[in-house]
Each structure stands twice: as structure tokens, then as C-alpha cells.
Enquirer: 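Okay, here's the structure, questions in a sec.
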Amino acid sequence: MSESLVRFRTALPSDRRWEPVGNGESGAEVFRSADGSRYAKCVDPGRAADLALERDKVVWLDSHDIPGPRVLDWRTDADGGACLVTSAVHGIAADAVPVQALSDAWASIAEAVRRLHDLPVEECPFDRGLARMFAIAQDVVVRGAVHTEFLPQEQQDTPPTVLLTRLATELGQRMTQESAEAVVCHGDLCLPNIILDPDTRTVAGFVDLGRLGVADPYADIALLLANARESWQDERRAEDADRAFADRYGIALDAARQRFFLHLDPLTWG
């Protein structure tokens, strides 16, 4: 039995056989049931409140008809650790399909993001706005906890304090834009968190919803387009994909705004 299974065996439901599938960036241990029908995310006591918030976000999104996982169980152990069990979203992560399949699904991805962003902001109780995220970045930087491997390659030799200071010069402008255009964002909209139906090549659902909340739409768009660029085979195809996304989503892309959010995001993990 793996160390992680031993550690969380009292929190995991005993009616299934579980297989560890890795660590989440939030510090959680993630398990999949042997039949592939569900996932369990387990955390130590210090992260139980964060996992409870993720549970509430999964429930909220499911109630608004956006495809994704459903909460099946919530368990705590005697020490205060917690385990969230959700249904699997059946399909293949968008980063794991051939480039042609991703291209075929690209319009569906843009439409699914648009539907998510069209949810009523006033009905969403979760805040992932710039004031909150910049404060998180400040804390991560002060603690020296930035994952430098998450930074763009050209920034990896620059002190994170310098990177944060550069972003601070734009903060007022970006907060004004967010105030006018805030939407319900996924919050970590990269290809692994978009599941595709392999037959129809359409979006089967969004997963990993711990950062869902009201934010600037570019918090999602910037990350998605940058992450997808790693899949396209050349710069011309990447530019074509950006234009195709913008046309289907219905937006004129703002390169400076994209860059701001792309550079802020790596500073908020730590």
C-alpha cells in the first residue's frame, strides 16, 4: 500500500479500491477509484477549510448547468483531515489529445468558456478578484515560496520581488477593468482542467475548481491561450488559434492585459 493511501485510509470511503494519481498543486493527495468512476482529494487538517471551499464551488457550478464533477461524499477524520469525493468527468484532458483533436475541439472550448463567463456574477459567492490574488502573490513572494519553474523562462532569473513590483504599476488600471468586466472564472483554466469527449471532440466538463470565482475574464483567457501555445506546432498556428478563440468567444484580445495576468498567476502558487 502506498504511503499516501496509508496516510488517508481512514478518510477515504471504504466501499471502493483507491489508487493514488499524484499530488495537486494545492498540497492535496489525489486518488482515483479502481473503476474510474470517481476521484478523491484528501488534505491534512491545515488545508481542510480550503478543500471545503472547493467542495462548495463544485456544488455551486453543478447547480448552474456547467458540466463538471458532482460532489458524492465529504468526509473528515479524527485528526481534522478531510476528503472530497467527486464523480469523474469522463473523457480525455485537452492536453493529452493529438494536436488535430485539440484543433477540432477549439471552438467548443471557446464556447464553453463563454458559457462559464456568462453566468450571473451576482449569484456567485466566490471572490477570486485582483485585490485578493495580488495579496496572495505578495504573501507568496514575501515567504520566498514562488515556484520559479512556473515562471516564463525569461523571468526565471529575475527576483520575484522585482516581478511583483512591475505588476504593481499596472494594478490600478487592471482593477478598474476588472470592476467593469468581471465574470465567473475557472481560475486555473489550463488544458489539463478541460475534459474533452473523445467521440464528439466537444467539452465534457471543467475540473479542478478550487480557484473558481469572480474575476477579470483575462485571468482565464490569458492562462488558457498561453498554455495552449505549448500544443500548437508553430507560432503561426498559435496566432491562428488565438484569433479563432477570440472570434468564437467574442472578444478583441488585449495583449498587455493578457501579459499582466500571465505574469501574475505564477506568483500566486506557493
Side-chain angles (χ1 to χ4, degrees), residues 21-22 24-25 30 32 36 39 61-62 64-69 87-119 149-155 181 183-212 215-266 269:
V21 295
E25 288 173 350
V30 182
R32 181 177 54 234
Y39 282 86
L61 193 65
D62 183 46
H64 284 75
D65 297 323
I66 297 295
S87 61
V89 177
H90 295 290
I92 303 174
D95 67 325
V97 300
V99 65
Q100 186 56 54
L102 179 61
S103 182
D104 293 344
W106 196 235
S108 176
I109 290 173
E111 290 167 359
V113 175
R114 178 77 264 180
R115 288 196 302 274
L116 173 64
H117 288 184
D118 280 343
L119 292 177
E149 69 273 17
F150 293 173
L151 294 168
Q153 188 169 9
E154 68 274 11
Q155 292 188 347
E181 302 174 32
V183 299
V184 177
C185 281
H186 179 282
D188 188 20
L189 192 64
C190 51
L191 294 182
N193 292 335
I194 302 171
I195 306 301
L196 302 178
D197 183 313
D199 297 322
T200 64
R201 296 187 177 181
T202 58
V203 173
F206 297 107
V207 297
D208 201 358
L209 303 173
R211 287 194 160 205
L212 181 141
D216 189 298
Y218 278 87
D220 276 351
I221 292 169
L223 187 59
L224 173 62
L225 296 185
N227 184 240
R229 289 180 94 82
E230 300 171 12
S231 295
W232 308 126
Q233 294 171 325
D234 55 57
E235 185 63 20
R236 180 177 178 179
R237 190 161 188 177
E239 291 174 355
D240 289 345
D242 285 1
R243 283 192 293 271
F245 178 92
D247 289 345
R248 187 59 66 107
Y249 178 97
I251 194 171
L253 292 174
D254 181 333
R257 202 165 164 187
Q258 284 179 256
R259 186 167 53 250
F260 174 87
F261 283 94
L262 189 60
H263 290 175
L264 175 63
D265 182 78
W269 296 93

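The first residue of the sequence shown is numbered 1, and numbering continues consecutively from there.
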Enquirer: Please examine the side chains of Thr200 and Asp197, heavy atoms only from C-beta on, and report whether any two atoms are closer than 4.5 Å.
Expert: yes
Enquirer: Can a salt bridge be assigned to the pair Arg211 and Asp220 using a cut-off of 4.0 Å between side-chain N and carboxylate O?
Expert: no
Enquirer: Mind listing the closest non-hydrogen atom pair of Pro217 and Glu181 along with its distance?
Expert: CD-O, 3.3 Å
Enquirer: Kindly give the heavy-atom pair with the smallest separation between Ser108 and Val203, and that separation in Å.
Expert: OG-N, 3.0 Å
Enquirer: Find out whether the Lys NZ or Arg CZ of Arg114 is both under 6.0 angstrom from the six-membered ring centre of Tyr249 and within 45° of the ring's axis.
Expert: yes
Enquirer: If you round to the nearest 0.5 Å, how far is CG of Asp254 from CZ of Phe261?
Expert: 10.0 Å
Enquirer: With a 4.0 Å cut-off on N to O distance, would you call Arg115 and Asp118 a salt bridge?
Expert: no
Enquirer: Please answer whether the main-chain N or O of Leu191 pairs with a side-chain N or O of Asn227 as donor and acceptor at a distance below 3.5 Å.
Expert: yes
Enquirer: Going from CG on Leu253 to CZ on Arg243, what distance comes out if it is rounded to the nearest 0.5 angstrom?
Expert: 10.0 Å
Enquirer: Of all the heavy-atom pairs spanning Pro69 and Phe206, show the shortest one and how long it is.
Expert: CD-O, 3.1 Å
Enquirer: Measuring from Leu119:CG to Asp65:CG, what's the distance to the nearest 0.5 Å?
Expert: 9.0 Å
Enquirer: Once rounded to the nearest 0.5 Å, what's the spacing between atom CG of Leu224 and atom CD1 of Ile109?
Expert: 6.5 Å
Enquirer: Hey, can you pull the donor-acceptor pairs under 3.5 Å for the side chains in residues 98-107, sequence neighbours left out?
Expert:
unit_1	atom_1	unit_2	atom_2	d
Gln100	NE2	Asp104	OD1	2.9
Asp104	OD2	Arg201	NH1	2.4
Trp106	NE1	Ala241	O	2.8

Enquirer: At their closest point, which heavy atom of Ala88 faces which heavy atom of Gly36, and how far apart are they?
Expert: CB-O, 3.4 Å
Enquirer: Over all heavy atoms of both residues, which pair between Ala219 and Cys185 is shortest? Give the atoms and the distance, please.
Expert: CB-SG, 4.4 Å
Enquirer: With salt bridge (Lys or Arg N to Asp or Glu O under 4.0 Å) as the rule and sequence neighbours excluded, what pairs involving residues 221-233 come up?
Expert: Arg229-Glu235, Arg229-Asp242
Enquirer: Hey, could you give me the CG/CG distance between Leu223 and Leu264, rounded to the nearest 0.5 Å?
Expert: 11.0 Å
Enquirer: Which atoms form the tightest heavy-atom contact between Trp232 and Ala238, and what is the distance?
Expert: CD1-CA, 3.6 Å
Enquirer: So how far is it from Thr202 OG1 to Ile195 CD1, rounded to the nearest 0.5 Å?
Expert: 12.5 Å
Enquirer: Closer than 3.5 angstrom, by distance alone: can the side chain of Asn193 be matched with the main-chain N or O of Asp188 as a donor-acceptor pair?
Expert: yes
